[in-house]
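Have a look at the structure below, then the notes.
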Amino acid sequence: MKIRVGSGANRGAPFWGFSLEVNKWAVGPFFVCQEMLMAAVDSTLRELLQPVVEALDCELWGLELQASGRSKLLRIYIDREDGVGVEDCERVSRQVSSVLDVDDAVSGEYILEVSSPGMDRPLYELGQYERFIGEDISLRLRFPYEGRRNFKGRLAGLDGDEVVLVVADTEYLFPIEGIDKANVVPKF
């Protein structure tokens with residue numbers, strides 16, 4: 001069985017087939033604005049930091065900016081073909097910190113954390129999903145589908161901008177913009 005989540009008859013409509021103008025109560029303007037703002041900040045930070053990280057022979061795997069009240073945490077994941085060591089994290093941390101101080105890309109005080117993606121590496125972009133086709137992943141949707149936000153299964157591939165996940169005998173196609181968080185499930 002194949003299920004295309006958040007599309008079908010509403011293909012081309014906003015995610016999950018509803019318009020924010022019609023259902024503002026369902027999402028709430030604060031959350032939509034906050035999410036859009038964080039996405040814009042993430043994009044700006046990626047553009048700023050990617051050349052810095054690459055100059056240090058590392059790949060900028062992903063970044064997360066979390067704000068809670070006055071405190072902010074900027075978490076940067078780096079990767080290398082031969083693995084990431086503590087020295088790599090230190091070098092990237094020093095360089096990124098200097099660039100952020102000069103550019104003032106993150107306003108106010110923040111904590112900078114640099115690490116490898118780890119065994120349960122987060123997935124952010126379609127190209128990263130493509131690298132892990134055939135692996136088990138877990139993902140959380142931004143909005144529930146049939147009362148469910150969490151799915152775990154085998155990453156079967158990509159179909160355009162949709163992630164194909166096989167759960168039991170059902171194949172789900174999730175639009176990338178509908179995925180809140182995804183991680184590779186480590187094999188032990």
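Put simply, Val164 and Val185 are part of two different groups of oily side chains (I, L, V, M, F, W, Y) that touch within less than 4.5 Å, one to the next. Under the 4.5 Å side-chain heavy-atom criterion for grouping Ile, Leu, Val, Met, Phe, Trp and Tyr, Val167 is connected to Phe132 within one hydrophobic cluster. There is a path of hydrophobic side-chain contacts, each under 4.5 Å, that joins Leu141 to Leu158.
When all heavy atoms of Ala156 and Val166 are compared, the closest pair comes out as CB-CG2, 3.7 Å. Smallest separation of non-hydrogen atoms from Trp61 and Gln128: O-NE2, 2.6 Å. Nearest approach of Val99 to Leu49, heavy atoms of both residues: CG1-CD2, 4.3 Å. Residues Arg91 and Arg80 come closest through the heavy atom pair NH2-NH1, 3.5 Å. Taking each heavy atom of Ile78 and Pro117 in turn, the nearest pair found is O-CD, 3.0 Å. Nearest heavy-atom pair across Leu155 and Leu165 is N-CD1, 4.0 Å.
Using a 4.5 Å cut-off on side-chain heavy atoms (C-beta onward), Asn150 and Ser138 make no contact. For the pair Val96/Leu112, a side-chain contact is recorded, criterion being any heavy-atom separation below 4.5 Å from C-beta on. No side-chain heavy atom of Val184 sits less than 4.5 Å from a side-chain heavy atom of Tyr129.
Note that the CD1 atom of Ile111 and the CD atom of Gln66 stand 10.5 Å from one another [nearest 0.5 Å]. Rounded to the nearest 0.5 Å, atoms CZ (Arg154) and CD1 (Ile133) are 10.0 Å apart. Annotation: the span from Thr44 atom OG1 to Asp103 atom CG amounts to 9.5 Å, rounded to 0.5 Å. For the atom pair Ser115 OG and Asp79 CG, the distance stands at 10.5 Å (nearest 0.5 Å). We find the CG-NZ distance between Leu123 and Lys181 to be 11.0 Å, quoted to the nearest 0.5 Å. Atom CD of Glu162 and atom CG of Leu126 lie 10.0 Å apart (nearest 0.5 Å).
Within a 6.0 Å radius of CZ in Arg148, more than 12 heavy atoms belonging to other residues, nucleotides or ligands are found.
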Test side-chain contact (heavy atoms from CB on, under 4.5 Å) applied to Leu100 and Leu48, step by step: CA-CA 9 Å; Leu100 291 173; Leu48 177 67; 4.1 Å; yes

Chi angles and distances behind the salt bridge (charged side-chain N to carboxylate O under 4.0 Å, His left out) call for Arg131, Glu59: CA-CA 14 Å; Arg131 288 185 188 182; Glu59 175 186 4; 3.0 Å; yes

Trace of the salt bridge (charged side-chain N to carboxylate O under 4.0 Å, His left out) decision for Glu125 with Arg46: CA-CA 12 Å; Glu125 301 169 356; Arg46 179 171 277 285; 3.4 Å; yes

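At distances below 3.5 Å, not a single donor-acceptor pair connects side-chain atoms of Glu113 with backbone N or O atoms of Leu73. Using modelled atom types, no side-chain atom of Asp101 and backbone atom of Ser98 make a donor-acceptor pair closer than 3.5 Å. Side chain of Asn183 to main chain of Asp120: a donor-acceptor pair is present (N/O by atom type, distance under 3.5 Å, no hydrogens or angles).
A tilted orientation is assigned to the rings of Tyr77 and Tyr124, their planes being inclined by 30° to 60°.
Taking the six-membered ring for Trp and the full ring otherwise, the centers of Phe151 and Phe174 sit less than 6.0 Å from each other.
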